[in-house]
Amino acid sequence: MSAAPGRRLRLGVVGLGAIAQTAHLPLIRRRWDLAEVVAVADISPARRDAVGDLYGVGPEHRHADLVRLLDAETLDGVVLLTAGSHGPEALECVRRGVPVLCEKPLAFTVAEADALAAAEAEQGRPLVLLGYMKEYDEAVDRAMEEIPADGIRAVDVEVLHPADGAQLAFGNLLPPTADVPVAAVDVLTRRTAALVDAAIGADTPAMLRALYTNVLLGSIVHDISLLRLLLGGIETVERVRHWPPEVMPGSIDVAGTVAGGAHLHLGWHYLPDYPAYRETLSVHHATGSVQLVFAVPYVLNRPTELTVVTATGTGEHRSTFRGDGEAFETELVAFHAMVVDRVPPRSGVAEGRADILTAQAMTRALARSEGLTLGGECAPDGEDGADAPDAEPRAVSRA
């Protein structure tokens, strides 16, 4: 995780909630050789003051929003950690030539991603690194070497997701605030509603709107990105179900294929009282299996476990790997490399756009299962059966 010597990035951190407090801010402090926090922004005055005090950011460098921060500061980059779509804020950064480490999702609409791509092209360099930290996991790198180029029969993904409170109890987060301006919340709420209308239609039931934004683009997008990185992406979405119908967010079940035609099954289950977060991705091929097991993402330096099973002729060989690195930290190193050396990120605007299209294909399939028709960008393509995301999968290099 080395970086170019002598260049510490001056960073502004925008959005100071749980992921900032548990992962990004502590890691920037740990990697003082890479970066320093020189400015912060948050909609809550109390939160930005508390974080500013903790990280030595003076009152004159604490701002109410991204635009005020960019207007007042000279920065090498922005770490964008706000809720909802990051498209408008990321676009503001790119148009000003400011690199941005953007948490997922990139955006709610393909149109936002296209505007970002055009702005980035005008700048002539990559300026967006999309925060899929699992792509920077040592065990994922090793898995890429172990998955064969052909002979893959089936891919299984299972996510067991307890309530956020259980996952974050260790973090000793700052107390909730009650000082967020009502007018600012109203602006963000109306902006989100307009973007979701554009993505899936204005008349879509609240349940589908929440599943699209909070589950598919808010959580399952991590698995969409991993399947793209490891296997070339999801090729078709054949069926998506949500159950129990009266429970939100409940469970999501996806059936389809990955690039090359291997069967995909993805199950995502919100279980508030489940003992611990657990995410398992298994690839079964003609002569063995490759399995990744991810623990709760908020706890730093908790290694992912990779298990590789191969045939020996008379039985099987089973090996296990656990790295000692931290994926969020390697992501920060990659952001430094993008800013300083213009190294393209593993996932940027193009990859984020492809993942939005995949989430929209899943949403169309889910709507069909409920007897509903969507509008906006997610309007049906006129064909029954499997949905194919309208994007070329990213090329994958494997041993």
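These figures come from a predicted structure and were not determined experimentally.
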| query | Any idea how His222 and Tyr132 line up, ring-wise: parallel (<30°), tilted (30 to 60°), or perpendicular (>60°)? | reply | perpendicular
| task | Assess Arg241 against Trp243: is NZ or CZ under 6.0 Å from the centre of the six-membered ring, and within 45 degrees of the ring's axis? | result | yes
| Are Tyr55 and Leu9 connected in a single hydrophobic cluster, I mean Ile/Leu/Val/Met/Phe/Trp/Tyr linked by side-chain heavy atoms less than 4.5 Å apart? | yes
| task | Verify whether one side chain among Tyr212 and Gln360 offers a donor that lies under 3.5 Å from an acceptor in the other. | result | yes
| Between the side chains of Asp341 and His336, does any donor sit under 3.5 Å from an acceptor? | no
| task | Measure the shortest side-chain to side-chain distance between Glu351 and Val128 over non-hydrogen atoms and say whether it is less than 4.5 angstrom. | result | no
| message | Please check: side-chain N/O of Lys104 versus main-chain N/O of Gly218, any donor-acceptor pairing under 3.5 Å? | response | yes
| query | Cut-off 3.5 Å, side chains only: do Ser289 and His284 have a donor facing an acceptor? | reply | yes
| request: State the OG-CD1 distance between Ser219 and Ile224, to the nearest 0.5 angstrom. | output: 10.0 Å
| Is there a chain of hydrophobic side chains (I, L, V, M, F, W, Y, each step under 4.5 Å between heavy atoms) that links Val14 to Leu188? | no
| message | Among Thr358, Val221, Thr363, exactly one meets side chain to side chain contact (heavy atoms under 4.5 Å, CB included) together with Leu216. Which residue is that? | response | Thr363
| remark: Checking Thr204, Thr213, Leu208 against Val196 for side chain to side chain contact (heavy atoms under 4.5 Å, CB included), the one that qualifies is Thr213
| So, Ser225 and Asp355: side-chain donor and acceptor under 3.5 Å apart, yes or no? | no
| query | Are Ile28 and Leu81 linked, directly or through other ILVMFWY residues, by side chains that come within less than 4.5 angstrom of each other? | reply | yes
| query | Is there a donor-acceptor contact under 3.5 Å linking the side chains of His24 and Glu103? | reply | yes
| said: Pairing donors with acceptors under 3.5 angstrom, does anything connect the side chains of His269 and Ser251? | reply: yes
| Interatomic spacing from OG1 in Thr280 to CG in Leu292 - rounded to 0.5 Å | 9.0 Å
| field | Which atom of Arg209 lies closest to which atom of Ala193, heavy atoms considered | value | NH2-O, 3.3 Å
| query | Is it true that Glu305 and Arg142 make a salt bridge, defined as a side-chain N closer than 4.0 Å to a carboxylate O? | reply | no
| Does NZ or CZ of Arg278 come closer than 6.0 Å to the centre of the six-membered ring of Phe294, within 45° of the ring's axis? | no
| If you draw a 6.0 Å radius around CG in Asn172, do more than 12 non-hydrogen atoms from other residues or ligands fall strictly inside? | no
| request: Would you kindly say whether His63 and Glu73 are connected by a side-chain donor-acceptor distance under 3.5 Å? | output: yes
| query | Going by atom types only, do Ser347 and Glu135 share a side-chain donor-acceptor pair under 3.5 Å? | reply | yes
| said: Could you walk me through whether His161 and Tyr277 satisfy the ring pair (Phe, Tyr, Trp, His ring centres under 6.0 Å) test, starting with their C-alpha distance in whole Å, then the side-chain angles of each, then the deciding distance to 0.1 Å, before giving a yes or no? | reply: CA-CA 5 Å; His161 197 307; Tyr277 179 95; 5.5 Å; yes
| Pick from Val100, Leu11, Val340, Leu34: which one makes a side chain to side chain contact (heavy atoms under 4.5 Å, CB included) with Phe335? | Leu11
